[in-house]
Amino acid sequence: MEAISSFSGKNKNVRTRFAPSPTGLFHIGSARTALFNYLFAKKEEGSFILRIEDTDKERSNSIFENDIIENLKWLGILWDEGPVYNEEKINGKNFIGDYGPYRQSERTEIYKKYLEKLLEEKKAYYCFCTPEELEAKRQYQISIGNPYHYDGKCAGLSEKEILDNLKQGKKYVIRLKVPAKKIEINDLIRGKVEFNTELLGDIIIAKDLNAPLFNFSGAIDDFEMKITHVIRGEDHLSNTPKQIIIQEALGFYRPYYAHLPLILGPDKSKLSKRHGAVSVSEYKKDGYLKEALINMIALLGWNPGNEKEIYSLKELIKDFSIEKINKSGAIFNIKKLDYLNGFYIRQKSINEITELCLPYLIEARLIIPIIKEQERILSFKNSFEKEIIQEKFLTESEKEISLEEIKKIISLYQERLKKLSEVVELTDFFFKKEIKYEKDLLKWKTMTEKDLLYVLDKLEEILSKIEEKDFNKDNLKEILDLESEKTGKELNMIGDRGHLLWPLRVALTGKEASAGPFEIAEILGKDETIKRIRAAKNLILDK
RNA sequence: GGCCCUAUCGUCUAGCGGUUAAGGACACCACCCUUUCAAGGUGAAAACACGGGUUCAAAUCCCGUUGGGGCCA
């Protein structure tokens, strides 16, 4: 039996790969496959490789390749080697992630060499059977209750027949002779899995000499790239015996295999577009942090064996082990992602979270940066403290607002955010000239319109008396607490500050949920606060 | 249809024959805090698919059934 090495010590020879086809946006399931390959390689201090499997020219698109690359980098899943496309980077500083990916479309010569070798050694042969012919045979076999596989007709073609057919330009495929045998795989996750090759028939390995099929090019590349561990989704388990047959025909070593359970949608089928957002870029745009995404997908199908739930990429590398990967599929639970995202958002410093939120506010046109080069504000990084702190913005209501003030606003909402994108709807009232709401929203519990007008009058009166320089949350709290005792008695709502604070909050925000009114009033300032209280009165009086 | 994989609370999972009247997390519910919403705190409810074995003892091992999934066609 093949020894299942647990690789418990460091093994720097470990080489893993992530081999996506660029036929769609970078998928959350692919991200997890990439992550696990990365974690295992890093854990062993080995290498992790990115290989773009773009042999299917019809379906491959560089847009998708870019999406994969961009998001891998964003997540911090960086590969260790690859072609360097930019000369300058060879002489200059060359760091991980600067490498391009390996592309199968650039390696057809390599596959061709092996294809010719197999043909020469008579381990593979040209097959000229037409699709109609094959379909007819298939139907017949099924009708008599047999499982269908190719009957090997073209394996017996003479040298002359082959040449004649080729000369005539007949369409062909290349088939590999498949010996009838049992293939046993010792999957690192699933244990022993057996396949019978008799059910396969002679498999197609290429459409022509320049067009190898996925199973063939993959097997070649895993060998050429000295991959030791093939970690991939369970959907590839059925492909494994085919690849092993190819390896055996070519005399290659066999890598270790580990087939990950699939990530499922709520209906338990493989997670796909019809379940909603599945691409990493969509989650990123929606305001999920990479920390949350990494933490989430790592814990889908893997767990450390203790009760730790919060994991950084670094900690994952430290604790990761293939043995702890589960066997059954896991449903992707967006609520848990939300929880993790909220958690990581709360961990951020105010500068970090402001930097993260700013693009959303700008995109919603709530604020516009007042600087010559607008690009700078979107890409600021290190100079945050020194430079950006001076930056000014123009609000939607065309008032100037400093970054310092925006920071204050965001810090009020930091612990309320589940996703960065929510910052827009939560804080829009700070930036808008006019806020719209139903007047009934102003009423607290059993208050009448008369009570409400009385309270709003009182608020205006009291707040007007406070000097501009004393218009801060602590003072406001002290003064309004005192006032609410009086008005509470008058309105028969003793001890219930809501009769004063609820209308105030709604007048300032137009929302039924928000941060505290004292903090909000301080940021809005005395003039704006009083203006909004008056607007509330007018709303009630239908003016 | 054939082959293969899989099965613990609604969800993610711990459990690797006896310290388990099955533990944690998310979600849900209640309470506390509180002007609202969050956050935080406390607590509740919630699962070993089924049937056979093996064993003194099974969620844990074996077989089957059923369910779910994947691949191929």
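Since the model is a prediction, treat every value here as computed from it, not as a measurement. Chain letters run A, B, ... following the sequence lines, proteins first and then strands; every chain starts at 1.
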Need to verify one output field. Residue with the more 5' nearest nucleotide on RNA chain B, A:Tyr339 or A:Arg497?
A:Tyr339
Between A:Phe195 (CZ) and B:C72 (P), how many Å, whole number?
13 Å
Minimum heavy-atom distance A:Glu422-A:Arg416, with the two atoms named
OE1-O, 4.3 Å
Among the nucleotides B:G68, B:C37, B:A38, whichever has the atom closest to the side chain of A:Ala513 is B:C37
From the list B:A38, B:U35, B:G69, which nucleotide is the closest neighbour of the side chain of A:Leu501?
B:U35
Quote, to the nearest angstrom, the P distance that separates B:G15 from B:A57.
25 Å
Distance, rounded to the nearest Å, where A:Lys327 contributes NZ and B:U13 contributes C1'
16 Å
Closest approach to the side chain of A:Leu262, judged atom by atom: which nucleotide of B:A38, B:G69, B:C4 is it?
B:G69
Closest nucleotide among B:A25, B:C5, B:A39 to the A:Lys336 side chain
B:A25
If you check every side-chain atom of A:Ser514, which of B:U36, B:U6, B:C26 has the closest atom?
B:U36
Identify which nucleotide among B:C5, B:G70, B:C12 has an atom closest to any side-chain atom of A:Val193, counting heavy atoms from C-beta outward.
B:C5
Tell me whether the side-chain N/O atoms of A:Lys335 come closer than 4.0 Å to OP1 or OP2 in B:A25.
no
Side chain of A:Leu199 - closest among B:C5, B:U35, B:C3:
B:C3
Selected nucleotide, minimal atom distance to A:Trp502 side chain, candidates B:C5, B:C71, B:U35
B:U35
Using modelled atom types and a 3.5 Å cut-off, is there a donor and acceptor pairing between side-chain atoms of A:Lys123 and backbone atoms of A:Ala249?
yes
Quick one: A:Asn239 CG to B:C5 P, roughly how many Å, whole number?
15 Å
Any donor-acceptor pair, under 3.5 Å, between the side chain of A:Arg416 and the base of B:C37, if you only look at N and O atoms?
yes
So does A:Lys318 pair up with A:Glu315, basic N to acidic O under 4.0 Å?
no
Below the 4.0 Å mark, does B:G15 have OP1 or OP2 next to a side-chain nitrogen or oxygen of A:Lys324?
yes
Which value, in whole Å, describes the distance between the P atoms of nucleotides B:A45 and B:G23?
11 Å
Between B:A22 and B:A59, how far is it from one P atom to the other, in whole Å?
12 Å
Of the listed B:C12, B:U13, B:G69, the closest approach to the A:Asn303 side chain comes from B:U13
Taking it one step at a time, do A:His27 and A:Lys273 satisfy side-chain contact (heavy atoms from CB on, under 4.5 Å)?
CA-CA 9 Å; A:His27 189 275; A:Lys273 279 193 195 79; over 6 Å; no
Expressed in whole Å, how much space separates the P atoms belonging to B:C5 and B:G64?
12 Å
Can you list, by residue number, the residues of residues 304-315 of chain A that have a non-hydrogen atom closer than 4.0 angstrom to RNA chain B?
A:Glu307, A:Glu309
Respond yes when some side-chain nitrogen or oxygen of A:Arg346 is under 4.0 Å from OP1 or OP2 of B:G40, and no when none is.
yes
For A:Phe36 and A:Phe320, I'd like to know if the aromatic rings sit close, meaning centre-to-centre distance below 6.0 Å.
yes
Taking the nucleotide of RNA chain B with the nearest heavy atom to each, does A:His236 or A:Trp444 sit closer to the 5' end?
A:Trp444
Sidechain N-carboxylate O distance under 4.0 Å for A:Arg59, A:Asp56:
yes
Can a salt bridge be assigned to the pair A:Arg497 and A:Glu485 using a cut-off of 4.0 Å between side-chain N and carboxylate O?
no
If I pick the C1' atom on B:G24 and the same atom on B:U36, what distance separates them, to the nearest angstrom?
32 Å
Considering only the P atoms, how many Å lie between B:G52 and B:C32, rounded to the nearest integer?
49 Å
Got a salt bridge between A:Glu460 and A:Lys537, using NZ or NE/NH1/NH2 to carboxylate O under 4.0 Å?
yes
Could you tell me whether A:Lys419 and A:Asp286 have a side-chain N and a carboxylate O separated by less than 4.0 Å?
yes
So, does A:Lys270 get its side chain near the phosphate of B:C71, meaning an N or O under 4.0 Å from OP1 or OP2?
yes
Rounded P spacing from B:A14 to B:C56 in Å:
30 Å
Taking atom P in both B:A47 and B:A21, what distance in whole Å separates the two?
16 Å
